[in-house]
Amino acid sequence: MQQDLIARASAWLAEDPDSETRDELRKLIEAKDVDELAARFGGTLEFGTAGLRGELGAGPMRMNRAVVIRAAAGLAAYLRAKGQGDGLVVIGYDARYKSVDFARDTAAVMVGAGLRAAVLPRPLPTPVLAFAIRKLGAVAGVEVTASHNPPRDNGYKVYLGDGSQIVPPADAEIAAEIAAVASLDDVPRAESGWETLGDEVLDAYLERTDAVLTTGSPRTARVVYTAMHGVGKDVLTAAFARAGFAEPVLVQEQAEPDPAFPTVSFPNPEEPGAMDLAFETARRVRPDIVIANDPDADRCAVAVPDGGDWKMLRGDEVGALLAEHLVHKGARGTFAESIVSSSLLGRIADAAGLPYEETLTGFKWIARVEGLRYGYEEALGYCVDPEGVRDKDGITAALLVAELASELKEQGRTLTDLLDDLAVAHGLHGTDQLSVRVEDLSIIANAMRRLREQPPTVLAGLRIVSAEDLNRGTATLPPTDGLRYYLDGEFKARVIVRPSGTEPKLKCYLEVVVPVAEASELRSARERAAEVLDAIKRDLAEAAGI
């Protein structure tokens, strides 16, 4: 075992193009650190519909230049096999450690394989890359980003020429081409020959952001904004200036890109503590709303005043607000969401006479809905301009939230008031999440197996009237690793359990619907919903053994 590990590590070391990871690996080999070598050489990072994502470091189970070169070679071989071997591949990147190196390596591999490559001019939001693919007529795009993962991570997201992320079977076909790369010596890499784009594509993206707003709408909302140490600040402030909004007040400590993410443990607005500095700024400035992007600015978080302080809105609440705003603006087309998001969107669409669809988790599915006008996912992802960006876009979502807040402000109302209206009209849709981060992935597998072998029949006193194993697929959904329960009793509820596709987490999505006859019942309805959701969490955790 030890000799085999050291032999594999030595072979990797011999072709590693990066001096940093070579030094790191050499020290592990010299120390004969079997445990660490086993963690790095016990397999390979799996290339799937999320592309690649993992911790930086040496070895096939880490993100590094050798892994990225193989991934780029696999993508190039896939494109050649599809008859697109002379096409253009657009490459974007964020400001994380190694991102610019991974982008440059990808361009070198593409040109070496006979394709054309164009790299965005600097670290920019992921939606700019998604826009650029279609704007430039590319056959594929690559975004080097780990989104809101911890600082030690990076990732590799692949789009095809329609501007949306890959889905099966493309992921498996690309993975097979990656696996066929025996050695980096087999991968031609050009020293030059790719294009570094200027600001023309960014300017075109910013011009397109105007399309999400209504001509002549109010632009009076005052905003505190945090880029969460990512790449969103310059693009968002430029978009707000074009639209005629006052310049957002920046959370200065988090305004500039910093791959160390020094003020947050996890650079995700949903994580505890991530918004503390934004709320400190808001207490001082007293804006109408707080807006946050994640580090690659494809997600948008919103916070609102709450009894003298501030609170985050859930992604489902923002999703419903944007949907209602678009209905009010006369939007036509299909409203879509993933199955883990609140069923309130379906009720809003039905009331407006609009088509509605559910998809599997991820914008790779939402973006492919025929006739899509609006799509969202509870994890702070919103597609408000599918003709411009067929992916979640935290910049245009922020603009639309600011427009809605401005319209309500002109009426002496707030986002909270509109949420109350929606609860009275459609019932209070309370949502929550049980999320368990693990070091040992077997914990997730064991929990899923336990729920399948010993399924619960009652949660929080509500009977489970329908239990679906999504591994088998449904009439409208392809197979995926997940479980869905519908509950009935005092209230109707829904629970979905699934492993995260991008992080070592088991995620359980909970929803309870409490009827509300009039506004005076809202407070008690929210309290009751919170009680039921807490009870579901406790019972579900016990049933799953977590």
Side-chain angles (χ1 to χ4, degrees), residues 51 53 90-96 99-100 102-103 118-136 138 141-149 154-159 163-165 197-212 223 225-243 248 250-251 254-259 261 267-269 291-302 363 367 376-377 379-386 388-402 502:
R53 195 175 292 186
V90 187
I91 302 152
Y93 56 101
D94 66 12
R96 285 177 177 266
S99 285
V100 67
F102 295 166
V119 182
L120 294 183
R122 56 187 172 279
L124 287 169
T126 292
V128 177
L129 180 277
F131 171 84
I133 293 167
R134 297 175 68 206
K135 175 68 175 177
L136 299 177
V142 171
E143 177 69 18
V144 179
T145 181
S147 189
H148 56 274
N149 276 38
N154 212 327
Y156 199 81
K157 186 182 295 188
V158 176
Y159 297 75
S164 53
Q165 298 174 48
L197 296 168
D199 281 342
E200 295 82 5
V201 167
L202 175 59
D203 292 342
Y205 168 83
L206 286 169
E207 184 176 349
R208 178 72 203 182
T209 63
D210 297 344
V212 306
V223 175
Y225 170 73
T226 175
M228 205 66 68
H229 298 296
V231 299
K233 181 201 64 163
D234 289 346
V235 179
L236 182 135
T237 54
F240 268 57
R242 284 182 61 94
L250 302 179
V251 179
Q254 298 175 333
E256 299 302 327
D258 188 336
F261 300 103
N268 178 354
I291 289 176
N293 286 141
D294 67 338
D296 68 326
D298 63 352
R299 288 174 170 83
C300 176
V302 181
F363 269 82
Y376 99 91
E377 189 158 69
L380 309 182
Y382 314 96
C383 176
V384 301
D385 179 27
V389 175
R390 290 184 181 174
D391 199 4
K392 55 186 176 292
D393 184 344
I395 305 297
T396 51
L399 282 171
L400 204 59
V401 167
T502 57

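All residue numbers refer to positions in the sequence shown, counting from 1.
- Gln254 places none of its side-chain heavy atoms less than 4.5 Å from the side chain of Lys233.
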Kindly indicate, with the supporting measurements, whether the criterion side-chain contact (heavy atoms from CB on, under 4.5 Å) is fulfilled by Val144 and Tyr156. CA-CA 5 Å; Val144 179; Tyr156 199 81; 4.2 Å; yes

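- Between the side chains of Thr126 and Asp94, not a single donor N or O lies within less than 3.5 Å of an accepting N or O.
- Using a 4.5 Å heavy-atom cutoff, the side chains of Thr396 and Val389 are not in contact.
- Counting only N and O atoms by type, the side chains of Arg299 and Ser147 include a donor and acceptor under 3.5 Å apart.
- Between the CG atom of Leu400 and the OG1 atom of Thr209 there is a distance of 11.5 Å, given to the nearest 0.5 Å.
- Within the 4.5 Å cutoff, the side chain of Val384 has no heavy atoms near those of the Asp393 side chain.
- Ion pairing of Asp199 with Arg122 is present here, as a side-chain N (NZ or NE/NH1/NH2) and a carboxylate O approach within less than 4.0 Å.
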Output, in order, the C-alpha distance, side-chain angles, deciding distance and verdict of side-chain contact (heavy atoms from CB on, under 4.5 Å) for Thr145 and Ser99. CA-CA 7 Å; Thr145 181; Ser99 285; over 6 Å; no

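- By the 4.5 Å heavy-atom criterion applied to side chains, Ile395 and Asn293 are counted as neighbours.
- A salt bridge links Lys157 to Asp298: one of the charged nitrogens lies within less than 4.0 Å of a carboxylate oxygen.
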Give the intermediate values and the outcome of side-chain contact (heavy atoms from CB on, under 4.5 Å) for residues Leu120 and Val128. CA-CA 9 Å; Leu120 294 183; Val128 177; 4.3 Å; yes

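- By the ring pair (Phe, Tyr, Trp, His ring centres under 6.0 Å) test, Tyr205 pairs with Phe131, sequence neighbours left out.
- Taking 4.5 Å as the limit, some side-chain heavy atom of Arg96 sits within range of a side-chain heavy atom of Phe261.
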